[in-house]
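Below: the structure, in structure tokens.
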There are 2 protein chains.
Amino acid sequence: MPASPDPVSAAPSRPSRIQRRNRKRILEAALEVFSQHGYRGTTLDQIADGAGLSKPNILYYFAGKEEIHVTLLNDLMDAWLAPMRAIDPGGEPLDEILRYVHRKIEMSRALPRESRLFANEILQGAPRMGPHLETGLKPLVDDTAALIAGWIAEGRLARVDPLHLIFSIWATTQHYADFDAQVQVLTEGGDDYDGAHAFLDTLYRRLLAP
Amino acid sequence: MPASPDPVSAAPSRPSRIQRRNRKRILEAALEVFSQHGYRGTTLDQIADGAGLSKPNILYYFAGKEEIHVTLLNDLMDAWLAPMRAIDPGGEPLDEILRYVHRKIEMSRALPRESRLFANEILQGAPRMGPHLETGLKPLVDDTAALIAGWIAEGRLARVDPLHLIFSIWATTQHYADFDAQVQVLTEGGDDYDGAHAFLDTLYRRLLAP
DNA sequence: TCGTATCTTTACCAATTGGTAAAAAGCCAG
DNA sequence: CTGGCTTTTTACCAATTGGTAAAGATACGA
């Protein structure tokens with residue numbers, strides 16, 4: 001029965017050591033290339049090079065280029081939303097928002113490729129992530145916006161539109177990863193994440209202090 | 001002398017009516033496609049389709065794909081920096097900054113493709129725009145940052161890092177164009193540029209009021 | 001209206017791309 | 001140590017890509 005020779009469509013038995021190692025290598029290499037060149041700008045040969053495998057060998061582990069991309073996006077979605085999930089509804093509102101901001105800056109610093117991968121995907125209209133936005137992102141954002149609206153109604157935060165607040169936090173924090181090329185030119189190469197922490201702390205403190 | 005058959009390398013004489021019309025069509029079509037798919041994701045056939053011309057005809061007007069892209073970037077640079085150039089050093093500081101913010105939001109609304117074209121280019125490391133950043137953007141930003149620093153020293157604005165302030169204005173305003181796909185999902189399709197104006201006005205007023 | 005310069009089309013390439021078939025090699029349990 | 005699985009390599013495609021050559025059509029001033 002040579003119908004399913006590759007692990008892609010195999011039974012859900014534990015993948016072998018080699019499989020885990022090589023899939024990891026492929027995803028790591030793919031993240032590097034996709035985040036820099038976007039989906040269409042990336043070739044399987046580049047991924048294969050980066051992973052130290054041959055192109056057909058890549059296609060032994062993944063059904064095709066698109067599956068690699070979608071796998072990356074799926075695997076990353078959770079980590080990406082974690083900082084927002086970590087907002088504690090029982091905490092002190094201003095603290096919770098500020099801590100969210102600082103976590104997001106740290107993600108920009110620690111995971112710039114992941115940030116650019118998402119940025120690329122959204123920029124191009126989220127063609128391979130539409131469902132994820134609806135089912136993963138939207139409910140979480142709705143909840144968070146409602147939570148913030150509640151805090152504002154209780155007088156524990158200054159009055160702002162919660163959704164635009166969230167947009168502004170995403171924009172300002174991810175900017176440092178996504179537009180790094182520009183930031184580098186203007187800061188003359190100095191890593192200025194400390195400056196970002198300080199500035200954004202001031203920004204959201206002044207905006208939100210009740 | 002069939003050595004320079006095309007207008008690309010022709011003498012600087014006034015281009016013909018047909019040339020002006022077709023170059024404009026090509027650039028318009030190219031802006032549409034480049035801004036959506038990035039440089040490598042765009043094909044000459046797509047541009048040719050959008051422009052209503054054949055591929056070889058495109059290459060009669062431009063030496064190649066890269067020249068089209070660079071031409072777009074160059075042509076747009078001025079318009080892109082105009083809002084910052086329009087900041088009046090003699091004006092009331094808070095007013096000047098707020099008007100800059102509102103102009104940038106309007107550019108996001110009016111020219112989303114241009115915004116995404118730049119975003120794509122920067123995301124990928126600005127490979128075709130490095131010099132422009134150094135010679136066009138950097139001096140202007142340095143001047144503006146110095147101007148803001150002066151205003152702060154005079155006590156006419158609250159203390160903030162001018163460069164990070166500029167980053168945050170870019171990030172928050174361009175977000176609405178660059179990440180439109182995400183914004184659309186979360187606002188359920190409603191055009192919310194009015195909300196953006198109101199939110200960012202509040203944000204920067206509270207941040208900067210002396 | 002005629003001839004020249006401008007513009008457009010047709011017919012191609014060579015290189016690259018995502019992907020496949022199938023043989024060869026490696027691994028490992030019995 | 002061997003037979004059957006997994007993994008990798010080799011040798012290919014067909015489609016797409018950016019780009020070219022050169023013939024053909026068109027505009028337009030004299």
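Convention: sequence-line order gives letters A, B, ...; per-chain numbering from 1.
Atom pair B/I26:CD1 and C/dC7:P shows a separation of 11 Å (rounding to whole Å applied). The distance between atom CZ of B/R40 and atom C1' of C/dT17, rounded to the nearest whole Å, is 10 Å. One interatomic measurement links the two molecules: CG of A/D45 to P of D/dT17, which rounds to 17 Å at whole-angstrom precision. Rounded to whole angstrom, the span from the CD1 atom of B/I47 across to the P atom of D/dG18 amounts to 8 Å. The distance from atom CG of A/L44 to atom C1' of C/dT17 is 8 Å, rounded to the nearest whole Å. Here D/dT6 presents its P atom at 8 Å from CD of A/Q19, a figure rounded to the nearest Å. As rounded to whole Å, 15 Å separates atom C1' of D/dT7 from atom CZ of A/F62. For the pair B/K55 NZ and C/dA11 C1', the computed distance is 12 Å after rounding to whole Å.
Closest heavy-atom contact between B/S115 and B/D178: OG-OD1, 2.7 Å.
Classification of A/D45 and A/K55 as a salt-bridged pair holds, one side-chain N sitting under 4.0 Å from a carboxylate O. Residues A/E28 and A/R113 are paired through a salt bridge, judged by an N-O separation under 4.0 Å between the basic side chain and the carboxylate.
One finds no side-chain N or O of A/Y60 lying less than 4.0 angstrom from the OP1 or OP2 phosphate oxygen of D/dT8. Within the 4.0 Å cut-off from OP1 or OP2 of C/dT6, not a single side-chain nitrogen or oxygen of B/N22 is found. Considering only side-chain N and O atoms, A/S54 lies under 4.0 angstrom from the phosphate OP1 or OP2 of D/dT9. Contact between the side-chain N/O atoms of A/Y61 and the OP1/OP2 oxygens of D/dT7 is not found at any separation under 4.0 Å.
Backbone-only engagement by B/T43 is indicated by non-hydrogen atom pairs under 4.0 Å involving sugar-phosphate atoms exclusively.
A donor-acceptor pair shorter than 3.5 Å can be found between the side chains of B/H197 and B/E106. B/D180 and B/H175 form no side-chain donor-acceptor contact under 3.5 Å, judged by distance and modelled atom types alone.
Side-chain to base pairing of B/K65 with D/dG19: no donor and acceptor N or O lie closer than 3.5 Å to each other.
The 5' end of DNA chain C is approached more closely, in terms of each residue's nearest nucleotide, by B/P56 than by the other of A/E66 and B/P56.
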